[in-house]
Amino acid sequence: MNYAFDFGVIWDNAGVLLAGAWLTFKISLLAITFGLIIGIIGAAFRTSENRILDGIALAYVEIIRNTPYLIQLFFIFFGLPNLGLKLSAEQAAIFSLAVNFGAYSTEIVRAGVQSIAKGQIEAGLAIGFKKLAVFRYIVLPPALANVYPALIGQVILAVLFTSVVSQIAAEDLTFAGDYLNARTFRSFEIYFTIALIYLAIVWLIKLLSFLVERRFFEFAKYRR
Amino acid sequence: MSSFEPQINAASTATLGTEPIIVAKDVEKWYGNGFHVLKGVSLTVNKGEVVVLMGPSGSGKSTFIRTFNGLEPYQGGSIEIDGIAIAHDNKGIELVRREVGMVFQQFNLFPHLSVLKNITLGPIHLRGMSPSDAEELGMSLLDRVGISHQASKYPGQLSGGQQQRVAIARALAMRPKVMLFDEPTSALDPEMVREVLDVMRKLAESGMTMVCVTHEVGFAREVADRVIFLAEGHLLTDTTPDEFFNHPKDERVKKFLSQILH
Ligand SMILES: Nc1ncnc2c1ncn2[C@@H]1O[C@H](COP(=O)(O)OP(=O)(O)O)[C@@H](O)[C@H]1O
Ligand SMILES: [Mg+2]
């Protein structure tokens, strides 16, 4: 082995890497936020008595979960302009990731909703809440608490998935790596560093999720 | 004494025994599987009355009182709460439900909300109360059921008896005209039954109209104005506690009493 490591290339191009990391973080955060909203609505549809709403949500989940994400991304970025919907690479990245995360989180949140005892819903109805308010105030918070670990696992997968958006030239962290690699051929140093930055981003999200759990799901400790 | 009690008194004791507030006529219900659970049950409850509903397990007691607040739809007959008809399919039921409190066997407190927030949720969102007014009301009700010192705890941190008292306070926070109890002490350890019955007794004394499914004989004897007996979807007797327990006429009531009185 006579490869001479030179991490100087990283310091020289820190600006490019940081810009990529920032875009990865931003895309992740926005896609997860929108995707979670989609997932909550999807779970409400999936558990509603209305068969049409249930059917729509089920079809959405089936299509997204049984096709490759890369194809979804290409469809949205290259296919939708044929219908007149032209998105920038960054917008297409956020949109496709939100739609993708939305399908997975629909199923996770649905499992949480179904874990809530019928008596909880009846207690809410008996007070005089309408079904939607029962869902919002009474069912959803403990449902999310019940599936929180699974949801965080899916969030982390979504962050890692973002590296695929470099394929449509969204200038994320992976794109920055490819760009530097093509110019410097310092593949080991570059991809090693990129991997570390992904790790740091995931840890940051884990930390945030831990804080959210402590703030909102403290009650789960006392449940029997 | 809480600011809440005089209001009930004013609303009800003046008219005790004269003004009907629950009027159920010939109520018929089939479950989805075709089971005929209520076979023409009629019951009138007057303001301020305490009615205890007894009957063997599976006789339809829960189903019957759950038609009063539309947790169960029904197919025949009619039900009115304080003059408002309950539609068979429960359309527009939310407004009636606000006037009818219900206490469940399993408490059904909301685990993610503190004890106080369990109580204030309804008044804030459905009665348009400000959070501070709702909290004041909540604290006075918690005081009344004897657990104001637990207001900021989560339900999971309370004993069963305490949870059921919170559930009663939660129902009262909507200032209901009627309270329904579905075996409120059946899921409790024996040593906690009394604290819940004491709260119910005080509530009865304050003039609340109550329909209670319970097999607590002591409570029925001392607190009930009437005891009604349901068997296989029929209302068999509607009488005073003294008649019911001391001079039962119906064979099925006698058999039932021999079982619960051992
Ligand atoms: N959702 C349901 N579908 C079918 N049958 C039911 C349902 N709920 C209750 N039943 C039946 O109806 C009968 C009356 O039930 P219930 O009102 O709970 O009786 P009780 O409260 O007197 O024990 C029982 O035989 C029970 O099995
Ligand atoms: Mg029952």
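Below, read A as the first sequence line, B as the second, and so on, with proteins coming before strands; counting in each chain starts at 1.
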So which atom in A:A123 and which in B:R170 form the shortest heavy-atom distance, rounded to 0.1 Å?
CB-NH2, 3.5 Å
Is there a side-chain contact between B:N69 and A:L125, using heavy atoms and a 4.5 Å cut-off?
no
CZ-CD distance between A:F129 and B:E94, expressed to the nearest 0.5 angstrom:
11.5 Å
Between B:F104 and A:A126 the two heavy atoms that sit nearest each other are CZ-CB, 4.1 Å
So, do B:M174 and A:I127 sit near enough that their side-chain heavy atoms are less than 4.5 Å apart?
yes
Nearest-0.5 Å distance, OH of residue A:Y137 to CD1 of residue B:I124:
10.0 Å
For the candidates B:L95, B:L109, B:V100, which exhibits the highest count of non-hydrogen atom pairs separated by less than 4.5 Å from chain A?
B:L109
What's the separation between atom OH in B:Y154 and atom CD in A:E218, rounded to the nearest 0.5 Å?
4.5 Å
Top of B:E99, B:Q106, B:R66 for chain A proximity - count of heavy-atom pairs under 4.5 angstrom
B:R66
Straight-line distance of B:N108 CG to A:I121 CD1, nearest 0.5 Å
10.5 Å
Could you tell me whether the side chain of A:E122 reaches within less than 4.5 Å of the side chain of B:M102, counting heavy atoms only?
no
Should we say atom CD1 of A:I52 is surrounded by more than 12 heavy atoms from elsewhere, each under 6.0 Å from it?
no
The reported gap from NE2 in B:H112 to CZ in A:F217 (rounded to nearest 0.5 angstrom) is 10.0 Å
Residue B:K61 excluded, over 12 heavy atoms near NZ under 6.0 Å
yes
